Amino acid sequence: MITAKIVCQSKQEAGEGDDRQVNVSFAPDYNDGRNKEWARWTPGLSLTMGLKGEVADRFEVGQAFTLTFEPEG
């Protein structure tokens, strides 16, 4: 398993209600030495999710997350 600390960098919204489309972009979070070990081997990350409706409300600009990569099986 590989984990990375990320932060929501931006939200771009279009439309309204359940048809609202939101692109949420994330970048590595280096505050307080987070990602120090991870960044040694992977110094960059780019992640954008396209979401619809109220699911996008779960993400706020500046909010930190832990992204986990775990192999299937």
Side-chain angles (χ1 to χ4, degrees):
M1 177 174 56
I2 298 169
T3 61
K5 303 294 183 184
I6 61 174
V7 64
C8 181
Q9 263 195 329
S10 68
K11 286 176 73 171
Q12 296 178 335
E13 303 188 27
E16 297 178 9
D18 288 340
D19 293 327
R20 180 173 55 133
Q21 301 275 337
V22 182
N23 283 329
V24 182
S25 296
F26 300 87
D29 184 358
Y30 294 114
N31 288 331
D32 300 325
R34 293 180 205 143
N35 282 320
K36 185 176 181 180
E37 183 62 28
W38 172 80
R40 179 176 176 201
W41 305 108
T42 311
L45 171 108
S46 175
L47 174 65
T48 300
M49 290 194 309
L51 304 169
K52 289 183 75 175
E54 64 187 44
V55 172
D57 296 334
R58 297 181 185 185
F59 299 93
E60 296 297 330
V61 173
Q63 187 177 14
F65 296 90
T66 299
L67 179 63
T68 302
F69 295 94
E70 189 168 346
E72 287 289 323

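Since we're looking at a predicted model, the values are computed, not measured.
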| request: Output, in order, the C-alpha distance, side-chain angles, deciding distance and verdict of side-chain contact (heavy atoms from CB on, under 4.5 Å) for Q21 and E13. | output: CA-CA 6 Å; Q21 301 275 337; E13 303 188 27; over 6 Å; no
| field | Residue pairs passing the ring pair (Phe, Tyr, Trp, His ring centres under 6.0 Å) test where at least one lies in residues 2-23, sequence neighbours excluded | value |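 Passing the test, one end in residues 2-23: no pairs.
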Give the table of side-chain donor-acceptor pairs shorter than 3.5 Å for residues 54-66, with sequence neighbours excluded, one pair per line with atom names and distance.
{"residue": "D57", "atom": "OD1", "partner": "R20", "partner atom": "NH1", "Å": "3.3"}
{"residue": "D57", "atom": "OD1", "partner": "R20", "partner atom": "NH2", "Å": "3.0"}
{"residue": "D57", "atom": "OD2", "partner": "R20", "partner atom": "NH2", "Å": "3.4"}
{"residue": "Q63", "atom": "OE1", "partner": "E60", "partner atom": "N", "Å": "3.0"}
{"residue": "T66", "atom": "OG1", "partner": "K5", "partner atom": "NZ", "Å": "2.9"}

| query | For N31, which residues count as a side chain to side chain donor-acceptor pair (under 3.5 Å) partner, sequence neighbours excluded? | reply |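 N31 satisfies side chain to side chain donor-acceptor pair (under 3.5 Å) with D29 once adjacent residues are dropped.
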| query | Which pair of heavy atoms, one from P28 and one from G44, lies closest together, and at what distance? | reply |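 Heavy-atom minimum between the residues: CG-C, 4.4 Å.
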| field | Any residue meeting side-chain contact (heavy atoms from CB on, under 4.5 Å) with L67, in chain and number order, not counting sequence neighbours | value |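 Once residues adjacent in sequence are excluded, the partners of L67 under the side-chain contact (heavy atoms from CB on, under 4.5 Å) criterion are I6, L45, L47, F69.
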| Partner set under side-chain contact (heavy atoms from CB on, under 4.5 Å) for T48, not counting sequence neighbours |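 For T48, the residues satisfying side-chain contact (heavy atoms from CB on, under 4.5 Å) (neighbours in sequence not counted) are N23, S25.
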| message | I'd like to know if V7 and Y30 are part of one continuous hydrophobic network [Ile/Leu/Val/Met/Phe/Trp/Tyr, side-chain heavy atoms within less than 4.5 Å]. | response |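 No; tracing contacts between hydrophobic side chains, which count when under 4.5 Å, never links both residues.
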